[in-house]
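Here's the structure we're looking at; comments come further down.
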Amino acid sequence: MTTSPNFVTREVERLVTGNAVSDGAGVKLLRVLTPDLQRRLDPFLMLDEFRSDNPDDYLAGFPDHPHRGFETVTYMLAGRMRHRDNAGHEGLLAAGGVQWMTAGRGIIHSELPEQEQGLMHGFQLWINLPAREKMTEPGYRDISAEAIPSTTTAEGVTIRIIAGSFAGIGGAVRREATEPLYLDLEMPAGSAYEAPIPGGHNAFLYVYEGEVGVGTRGEPVRARQLAVLTNRADADGVRLTASGGARSLLVAGRPLNEPIVQWGPFVMNTRDEVEQAMHDFRSGKF
């Protein structure tokens with residue numbers, strides 16, 4: 001393992017073990033970023049992992065449901081998901097691909113598995129929108145696996161850059177307001193990596209395979225644990241080590257520092273705005 005003695009690393013502030021939940025039409029999920037973390041990890045609102053090779057756990061999918069006021073990022077590792085919305089858009093999200101949806105002022109969509117057997121594995125991350133963009137026009141991008149930039153370090157660490165700019169490489173998506181950095185890291189046994197993170201950005205690491213050591217002491221973060229990373233003003237980023245093979249998501253973003261008022265699929269800045277969203281949805285205005 002190679003590390004720099006001058007690199008100032010963030011440490012683990014808190015470890016979070018997800019809660020098993022059921023969403024949509026009974027899809028079984030692990031919810032690891034929950035509402036109690038929304039202020040601490042602003043602008044991120046939620047992170048779910050779905051993983052099962054039992055079709056009973058995912059086959060019913062997520063029938064028509066609304067969103068307003070934020071963005072959803074669905075990243076598929078295995079399986080296929082068909083997306084449709086009330087504006088007539090449709091897309092197929094396949095293994096390795098990403099769908100980045102901006103709900104904006106309102107969208108109704110469905111996410112239904114396009115398979116009847118096999119492994120379904122992926123993540124959905126919710127990212128808040130600033131007040132000035134919450135009522136923007138909705139839309140989404142389907143990004144194939146081949147369209148996501150990647151790089152590999154001398155130690156064999158492979159980094160897929162879903163969002164942001166990293167190691168001089170622009171990611172598949174960029175957002176000015178929240179400046180999200182969304183990386184998928186694959187670390188071989190015995191490797192180390194010092195990942196730069198912009199100062200002032202909230203950040204977390206979610207390990208989904210193996211175990212990753214974080215910080216100066218290599219504090220272990222095990223599979224299906226989320227590590228909230230400290231916000232040390234002089235930190236360069238975070239030092240990661242892997243004694244065995246490991247895969248993880250490293251996510252960071254610029255906080256909006258705005259009020260967060262959520263009711264289910266609506267995330268606004270005031271209660272009145274949430275009630276208006278409910279009224280608009282029920283009135284068929286999405």
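These numbers come from the heavy atoms of this one structure, side chains and all, not from hydrogens, waters or symmetry mates.
In this structure, W126 is not a member of the same hydrophobic cluster as L41, with clusters built from ILVMFWY side-chain heavy atoms closer than 4.5 Å. Under the 4.5 Å side-chain contact rule for hydrophobic residues, L250 and V207 share a cluster. No single ILVMFWY cluster, assembled from side-chain heavy atoms under 4.5 Å apart, contains both I143 and I107. Under the 4.5 Å side-chain contact rule for hydrophobic residues, L30 and L33 share a cluster. A chain of hydrophobic side-chain contacts below 4.5 Å, direct or via other Ile, Leu, Val, Met, Phe, Trp or Tyr residues, connects L37 to F204.
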Quiz prompt | T34 vs D36, side chain to side chain donor-acceptor pair (under 3.5 Å): CA-CA, chis, key distance, verdict | solution = CA-CA 6 Å; T34 50; D36 61 303; 2.4 Å; yes

Practice problem: Using the salt bridge (Lys or Arg N to Asp or Glu O under 4.0 Å) rule, take D57 and R51 through it: C-alpha gap first, then chi angles, then the decisive distance, then the call. | Solution: CA-CA 9 Å; D57 290 342; R51 175 166 54 183; over 6 Å; no

Quiz item: Given Y208 and F123, is the ring pair (Phe, Tyr, Trp, His ring centres under 6.0 Å) satisfied, shown in steps?
Solution: CA-CA 10 Å; Y208 63 92; F123 308 91; 5.1 Å; yes

Practice problem: Apply side chain to side chain contact (heavy atoms under 4.5 Å, CB included) to the pair L183 and R160, showing each step before the final yes or no. | Solution: CA-CA 6 Å; L183 308 177; R160 303 191 78 210; over 6 Å; no

Practice problem: Under the side chain to side chain contact (heavy atoms under 4.5 Å, CB included) rule, what do V173 and I162 come out as? Steps first, then yes or no, please. | Solution: CA-CA 6 Å; V173 176; I162 295 168; 5.8 Å; no

Practice problem: Just do the side chain to side chain donor-acceptor pair (under 3.5 Å) check on Q225 and Y206 with the steps written out, would you? | Solution: CA-CA 6 Å; Q225 285 186 320; Y206 180 67; over 6 Å; no

Exercise. Start with the C-alpha gap between R239 and T216, add the side-chain angles, then the distance that decides, and say whether side chain to side chain contact (heavy atoms under 4.5 Å, CB included) holds.
Key: CA-CA 7 Å; R239 178 178 292 124; T216 53; 4.1 Å; yes

Exercise. Start with the C-alpha distance between V267 and L45, add both sets of side-chain angles, then the distance that settles side chain to side chain contact (heavy atoms under 4.5 Å, CB included), and finish with yes or no.
Key: CA-CA 9 Å; V267 183; L45 300 165; 3.9 Å; yes

Practice problem: Given ring pair (Phe, Tyr, Trp, His ring centres under 6.0 Å), test H109 with H89 step by step and report yes or no. | Solution: CA-CA 9 Å; H109 77 144; H89 302 120; over 10 Å; no

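Taking NE2 of H121 as the reference point, atom CG of D53 lies at 11.5 Å (rounded to 0.5 Å). Atom CD1 of I161 and atom OH of Y182 lie 14.0 Å apart (nearest 0.5 Å). Atom-to-atom distance recorded for I169:CD1 and I159:CD1 is 8.0 Å, nearest 0.5 angstrom. Atom CD of Q276 is separated from atom CZ of R271 by 14.0 Å, given to the nearest 0.5 angstrom. Atom CD in E194 sits 11.0 Å away from atom OG1 in T153 (nearest 0.5 Å). Distance CE/M120 to CD/Q115: 3.5 Å, rounded to 0.5 Å.
Using a distance-only test at 3.5 Å, with no hydrogens or angles considered, a donor-acceptor pair links the side chain of D85 to the main chain of G88. A distance-only check finds no donor-acceptor pair linking the side chain of E133 to the backbone of P130 [under 3.5 Å]. Checking side-chain atoms of T230 against main-chain N and O of E11 turns up a donor-acceptor pair under 3.5 Å. Using modelled atom types, one side-chain atom of R68 and one backbone atom of R105 make a donor-acceptor pair closer than 3.5 Å. The closest donor-acceptor contact from the side chain of S191 to the backbone of M187 lies at 3.5 Å or more, if one exists at all. A donor-acceptor pair under 3.5 Å is formed between the side chain of H65 and the backbone N or O of P63. Side chain of T241 to main chain of G218: no donor-acceptor pair is present (N/O by atom type, distance under 3.5 Å, no hydrogens or angles).
Inter-residue side-chain proximity for W263 and M278 is flagged as met; some heavy-atom pair is nearer than 4.5 Å. When side chains are defined from C-beta on, M135 counts as touching M268, because their heavy atoms get closer than 4.5 Å. Looking at T158 and D184, their side chains never come closer than 4.5 Å, going by heavy atoms from C-beta outward. The side-chain heavy atoms of L185 and R247, taken from C-beta on, include no pair separated by under 4.5 Å. Residues K134 and F266 have side chains not in contact (no heavy-atom distance under 4.5 Å, counting atoms from C-beta outward). Taking 4.5 Å as the limit, every side-chain heavy atom of S52 sits out of range of all side-chain heavy atoms of K28. Counting heavy atoms from C-beta outward, S165 and R174 have side chains that approach closer than 4.5 Å. Side-chain contact check for V214 versus L240: some heavy-atom pair is nearer than 4.5 Å.
P255 approaches G200 most closely through the heavy-atom pair CD-O, 3.4 Å. For the residue pair P188 and E155, the shortest heavy atom distance occurs at CG-O, 3.4 Å. The heavy-atom pair separating I197 from A252 by the smallest distance is CG2-CB, 3.8 Å. Here the closest heavy-atom approach between residue A131 and residue N269 is recorded as CB-OD1, 3.2 Å. The two residues A227 and V221 come nearest to each other via the heavy atoms CB-CG2, 3.8 Å. In terms of heavy-atom proximity, A78 sits nearest to A95 at CA-CB, 4.1 Å.
Side-chain atoms of N128 and D42 form no donor-acceptor pair, as typed in the model, at a separation below 3.5 Å. A donor-acceptor pair shorter than 3.5 Å cannot be found between the side chains of Q124 and Y75. Using modelled atom types and a 3.5 Å distance limit, the side chains of H83 and Q99 yield a donor-acceptor pair.
By the 4.0 Å N-to-carboxylate-O rule, R40 lies close enough to E13 to be salt-bridged with it. With respect to the salt-bridge test (charged N to carboxylate O, under 4.0 angstrom), the residues E71 and R175 qualify.
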